[in-house]
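The structure presented is a predicted model; accordingly, all values stated were derived computationally and were not measured. Counting convention: from 1, in listed order, for ligands and their atoms alike.
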Amino acid sequence: MITGTGHVLILGGTTEARQLARTLAPRPFLRVTTSLAGRVTQPRMPDGEIRVGGFGGPGPMAAWLSEHRVAAVIDATHPFAAVISANAAEATTAAGVPLVALRRPGWQPGPGDRWHFADSLQDAAARLPALGRRVFLTTGRLGLAAFAGLDALHFLVRSVEPPQPPLPRHTRLLLDRGPYTVEGERELLRTYAADVLVTKDSGGPATAAKLTAARELGCRSSSYAVPLPSPGVRTVPDAAGAVAELERLGCLSRGAADRCP
Ligand code: NAP
């Protein structure tokens, strides 16, 4: 039974979150708000309402859910954004609001892939000298200090925002954001003569083109594993699954709005 209004909060910052907002925003009897962390200077804006910035932890998030009469929360954050997901689990439990995790299916190695899985960026960095010399690094702007001591290797670092120093001595920076094509990734890997790719195992098609290009060019890939969603949180693989779950919860019907406190 939905006890709030027909208001859905999407915890966003991903392609899937924008897809979900695009699907839900035109629906009648429904208010859709996407929450962004506010880390990216010029984020791609989702459809519907938007709020920006941290809530201040699970307690204030629970208060926000009650104050804004949220009927359900979809955690569509990046699989590596573990803190906000844990906060969402705690806040929704406290506020008595259903939580659904939208998690992309993980990448699966295919024939010809030479993948090495690491437990952390430090672990990936420790394995790197044995894997290659010219590294295409796409693990995001944070945590690159793990690679800073690898003076014998050359890095092409791609991130949306400038990465946080310290960086490896031989670093070329590429500020860019997806989605990327296989052709573009192939060209990039060739031009840079990369022999190893280091990435987060984020899953989903939006950033998978580099894996195809790396396979074609015979690069090794090193990635570190996806944290699992909080136990007990219902998980769906895509925006369509999230809509189905909201329908099942009764959030998309006129009745949800009529049950406003
Ligand atoms: P995180 O470590 O899990 O969260 C750190 C803090 O940032 C949270 O405690 C929360 O602050 C705030 N926060 C994070 N996501 C938020 C959201 N959607 N709305 C409001 N506040 C949010 O997060 P992160 O790994 O830095 O990622 C930040 C954002 O970037 C996420 O929304 C994620 O979807 C997106 N993103 C992350 C990655 C990645 O590799 N981690 C990649 C692509 C996109 P309070 O405790 O103050 O509420």
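The closest protein non-hydrogen atom to atom 48 (O) of ligand 1 is Phe55 N, 2.7 Å. Atom 35 (C) of ligand 1 has its closest protein heavy atom at Gly13 O, 3.8 Å. The protein heavy-atom contact nearest to atom 10 (C) of ligand 1 is Ile84 CD1, 3.9 Å. Of all protein heavy atoms, the one closest to atom 32 (O) of ligand 1 is Gly12 O, 2.8 Å. Ranking protein heavy atoms by distance to atom 6 (C) of ligand 1, first place goes to Arg39 NH2, 3.5 Å. For atom 11 (O) of ligand 1, the closest non-hydrogen atom on the protein side is Gly54 CA, 3.6 Å. When only non-hydrogen protein atoms are considered, atom 16 (C) of ligand 1 lies nearest to Ala37 CB, 3.6 Å.
Side chains of Ser221 and His116: a donor-acceptor N/O pair is absent below 3.5 angstrom, by distance only. Judged by distance alone, the side chains of Thr235 and Arg103 never bring a donor and an acceptor atom under 3.5 Å apart.
Not close to ligand 1: Gly38, with no non-hydrogen atom less than 4.0 angstrom away.
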What's the verdict on salt bridge (Lys or Arg N to Asp or Glu O under 4.0 Å) for Glu185 and Arg158, showing C-alpha distance, side-chain angles and the deciding distance? CA-CA 11 Å; Glu185 299 292 58; Arg158 181 171 69 191; 2.8 Å; yes
Can you check side chain to side chain contact (heavy atoms under 4.5 Å, CB included) on Thr33 and His7, steps first, answer last? CA-CA 8 Å; Thr33 302; His7 184 189; 2.7 Å; yes
Could you give me the CA-CA distance, side-chain angles and deciding distance for Ser202 and Thr207, then say whether side-chain hydrogen bond (donor to acceptor under 3.5 Å, both in side chains) is met? CA-CA 8 Å; Ser202 311; Thr207 53; 5.0 Å; no
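At a heavy-atom cutoff of 4.0 Å, ligand 1 is contacted by the backbone of Ala82 but not by its side chain. Contact annotation for Val40 and ligand 1: no heavy atom of the residue comes within less than 4.0 Å of the ligand.
Arg127 CZ to Phe117 CZ: the interatomic distance, rounded to the nearest 0.5 Å, is 10.5 Å. Between atom CZ of residue Phe147 and atom CD of residue Gln122 there is a gap of 8.0 Å, rounded to the nearest 0.5 Å.
For atom 23 (O) of ligand 1, the candidate residues are Gly56, Ser35, Ser85, Ala81; the nearest heavy-atom contact is made by Ala81. Between atom 4 (O) of ligand 1 and the options Val83, Leu11, Val160, Thr34, the minimum heavy-atom separation is to Val83. Checking Lys200, Arg141, Glu16, His78 against atom 43 (C) of ligand 1, the nearest heavy atom belongs to His78.
Here is the list of ligand 1 atoms found below 4.0 Å of a heavy atom in Asn87: 9 (O), 46 (O). Which parts of ligand 1 touch Gly57 is read off a 4.0 Å heavy-atom cut-off, strictly below it: atoms 45 (P), 46 (O), 47 (O), 48 (O). Contact atoms of ligand 1 toward Arg51: 20 (C) (distance under 4.0 Å to a heavy atom of the residue).
Salt-bridge annotation for Glu49 and Arg31: present, with a side-chain N of the basic residue lying under 4.0 Å from a carboxylate O of the acidic one. Between Asp195 and Arg134, no side-chain nitrogen of the basic residue sits less than 4.0 Å from a carboxylate oxygen of the acidic one, so the salt-bridge criterion is not met. The pair Glu247-Arg27 meets the salt-bridge criterion, since a charged nitrogen lies less than 4.0 angstrom from a carboxylate oxygen.
The 12-atom threshold is exceeded at CZ of Arg51, counting heavy atoms of other residues, nucleotides or ligands nearer than 6.0 Å.
Closer than 4.0 Å to atom 30 (O) of ligand 1 lies none of the heavy atoms of the protein.
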